[in-house]
Engineer: 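For reference, the structure I am asking about is given below.
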Number of protein chains: 2
Amino acid sequence: MRGTWKGTATASVLGMTAAPRQGSRIQQKNRRVILQAALSEFSTRGFNGTTIDRIAETASLSKPNVLYYFPSKEAIHLQLLETHLDLWLDPLRALSATGEPREQIMGYMRRKLDMSRNYPQESRLFANEVLQGAPHLERIMAGGLHDLVAEKAAIIADWIAQGRIAAVDPHHLIISIWALTQHYADFEVQVRAVLGQTRDPFAEAERFLDHLYSRMLAL
Amino acid sequence: MRGTWKGTATASVLGMTAAPRQGSRIQQKNRRVILQAALSEFSTRGFNGTTIDRIAETASLSKPNVLYYFPSKEAIHLQLLETHLDLWLDPLRALSATGEPREQIMGYMRRKLDMSRNYPQESRLFANEVLQGAPHLERIMAGGLHDLVAEKAAIIADWIAQGRIAAVDPHHLIISIWALTQHYADFEVQVRAVLGQTRDPFAEAERFLDHLYSRMLAL
DNA sequence: TGAATTGTTGACCAAATGGTCAGGATCAGG
DNA sequence: CCTGATCCTGACCATTTGGTCAACAATTCA
């Protein structure tokens with residue numbers, strides 16, 4: 001009984017088809033509620049700042065009940081990282097070699113900005129993780145991420161070679177999109193403190209980044 | 001005895017002249033060693049992930065001895081934030097209304113990038129803090145930071161009004177410099193994973209960002 | 001309906017951790 | 001070299017926290 005589905009926790013590692021959410025109605029609901037509560041906690045307090053008690057309270061469950069569905073705090077954390085990793089990388093995957101280069105790159109930027117706007121908790125979850133040396137993501141990052149970025153960087157390099165966009169380092173171009181878009185989610189309190197309460201950071205960011213990348217990529 | 005210099009911990013809050021490092025030789029040395037060790041720990045493990053025991057070990061002191069020099073873990077953390085806040089804001093303070101606009105802005109960007117290169121631990125210390133809602137920096141940020149940025153943004157707005165640089169939102173321009181430069185320190189593991197082991201992130205970043213801001217600010 | 005499976009929890013435990021304290025070591029100045 | 005102030009530490013304490021377990025409740029299904 002204990003740890004029965006420990007296996008499924010590591011099922012949908014990357015592009016794998018998510019295991020068919022097995023389990024009873026009640027099981028599905030509680031697992032979902034726990035993950036939702038845990039995401040909220042982990043994203044604002046980090047792994048070490050989060051207690052199972054708080055997750056349980058936020059999820060309106062008892063602590064032992066939380067541990068009935070997940071074998072450990074770390075398992076919940078890992079599950080969250082794995083579940084959202086695809087969501088996190090999809091915008092880049094969608095960058096296609098066919099299609100207008102500037103449209104593709106600016107589209108990627110906009111998708112990433114939308115992610116920051118609509119999923120700030122997920123962004124902070126990863127930010128916390130990477131900030132502390134990515135203890136859990138190391139394997140995934142060293143493998144999949146590097147290759148994915150290399151693949152897309154090659155596409156951009158082609159565009160440059162064909163004289164379709166300005167010559168910039170493709171890797172740093174991608175990194176700059178991460179930095180500029182995720183910053184608005186990860187450091188939202190700072191951004192809001194600087195902009196004041198009446199301004200809309202994301203709406204303004206979109207215009208600003210549009211301008212920025214238009215300028216940078218223009219020939 | 002206990003907590004004798006608790007007062008000095010909040011002495012150099014912002015632009016104040018640092019209190020004349022009072023204390024015996026041995027006192028100065030141990031305080032410095034403790035802060036150095038604590039910075040190393042806090043920056044990579046965050047506040048909650050850091051234990052006084054580890055700080056003590058890293059500093060080659062006993063735990064009670066650490067608590068002899070600082071009243072609590074939080075006091076060490078606060079002291080670090082306060083001590084480095086000026087260092088953190090100085091690059092922006094140096095942005096001057098007199099002087100060539102593009103030089104000033106690009107100079108600011110380069111100073112920030114140098115900070116990320118030379119003081120990555122300090123960068124991560126603040127990143128951890130801001131990521132989690134800046135529980136300690138709130139007062140300082142809401143006050144000093146907002147005003148400082150507003151002041152510099154006004155300078156940039158003037159330059160734009162005078163047609164000396166391209167029209168971009170000054171606040172977001174400053175935020176973009178934070179995002180792009182700090183990203184290389186805060187998410188260094190990710191950047192290195194993506195770029196591979198043989199490349200030099202900061203050297204490349206400098207050229208990339210030079211290009212980026214040259215392009216964006218050009219008329 | 002009743003047995004088997006699944007879901008839930010109060011009570012508990014061991015380890016980690018922030019912090020205290022009394023007393024001993026060390027050092028500076030007279 | 002004596003004394004008071006400074007410096008240091010082993011032992012200890014209370015709380016927090018991740019995790020366990022036996023037993024009880026609910027649900028499913030034959």
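Each chain gets a letter, A, B and so on, in the order the sequences are listed, and its residues count up from 1.
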Engineer: In terms of side-chain heavy atoms of P64(A), which of dT20(D), dG19(D), dC8(D) is nearest?
Structural biologist: dT20(D)
Engineer: Counting only non-hydrogen atoms, which of residues 50-58 of chain B are less than 4.0 Å from DNA chain C?
Structural biologist: T50(B), T51(B), I52(B)
Engineer: Quick one about Y184(A) and S123(A) (side-chain donor to acceptor, distance below 3.5 Å, no hydrogens or angles considered), yes or no?
Structural biologist: no
Engineer: For Y68(A) and dT20(D), is the shortest distance between a side-chain N/O and OP1 or OP2 below 4.0 Å?
Structural biologist: no
Engineer: For dG7(C), does OP1 or OP2 lie under 4.0 Å from any side-chain N or O of N65(A)?
Structural biologist: no
Engineer: Between N65(A) (side chain) and L61(A) (backbone), is there a donor-acceptor pair under 3.5 Å?
Structural biologist: no
Engineer: Decide yes or no on side-chain hydrogen bond (donor to acceptor under 3.5 Å, both in side chains) for T58(B) and E41(B), but give the supporting numbers first.
Structural biologist: CA-CA 9 Å; T58(B) 303; E41(B) 293 297 317; 3.3 Å; yes
Engineer: Give the rounded distance in Å between these two atoms: CD of Q28(A) and P of dT6(C).
Structural biologist: 15 Å
Engineer: Which residue lies toward the 5' end of DNA chain D, S24(B) or K63(B), if each is placed at its nearest nucleotide?
Structural biologist: S24(B)
Engineer: When you measure from the side chain of E206(A) to the backbone of R110(A), do you find a donor-acceptor pair of N or O atoms at a distance under 3.5 Å?
Structural biologist: no
Engineer: Within this structure, what is the CD1-to-P distance between I34(A) and dT8(C), rounded to whole angstrom?
Structural biologist: 9 Å
Engineer: Rounded to the nearest angstrom, tell me the gap between atom CG in L61(A) and atom P in dT9(C).
Structural biologist: 7 Å
Engineer: Once you round to the nearest 0.5 Å, how far does CD1 of I55(B) lie from CD1 of I34(B)?
Structural biologist: 8.5 Å
Engineer: Out of dG7(C), dT8(C), dC8(D), which has the shortest distance to the side chain of Q27(A)?
Structural biologist: dG7(C)
Engineer: If you look at every strand shown and take non-hydrogen atoms under 4.0 Å, does I26(B) touch a base, only sugar-phosphate, or nothing?
Structural biologist: sugar-phosphate
Engineer: Nearest whole angstrom, please: distance from the C1' of dG18(C) to the CZ of F42(B).
Structural biologist: 12 Å
Engineer: Looking only at side-chain N and O atoms, does H172(A) offer a donor or acceptor that is under 3.5 Å from a partner on R207(B)?
Structural biologist: no
Engineer: Does the separation of the ring centres of H77(B) and F70(B) fall below 6.0 angstrom?
Structural biologist: no
Engineer: Find the distance Y69(B):OH to dT6(D):P and express it as a whole number of Å.
Structural biologist: 11 Å
Engineer: Once you round it to whole Å, what is the distance between C1' of dC7(D) and NZ of K29(B)?
Structural biologist: 12 Å
Engineer: Take atom CG of N48(A) and atom P of dG18(C), then tell me their distance rounded to the nearest Å.
Structural biologist: 11 Å
Engineer: The side chain of L67(A) lies closest to which of these nucleotides: dG19(C), dT20(D), dG7(C)?
Structural biologist: dT20(D)
Engineer: On the nucleotide dT8(C), are OP1 or OP2 found under 4.0 Å from the side-chain N or O atoms that N30(A) carries?
Structural biologist: yes
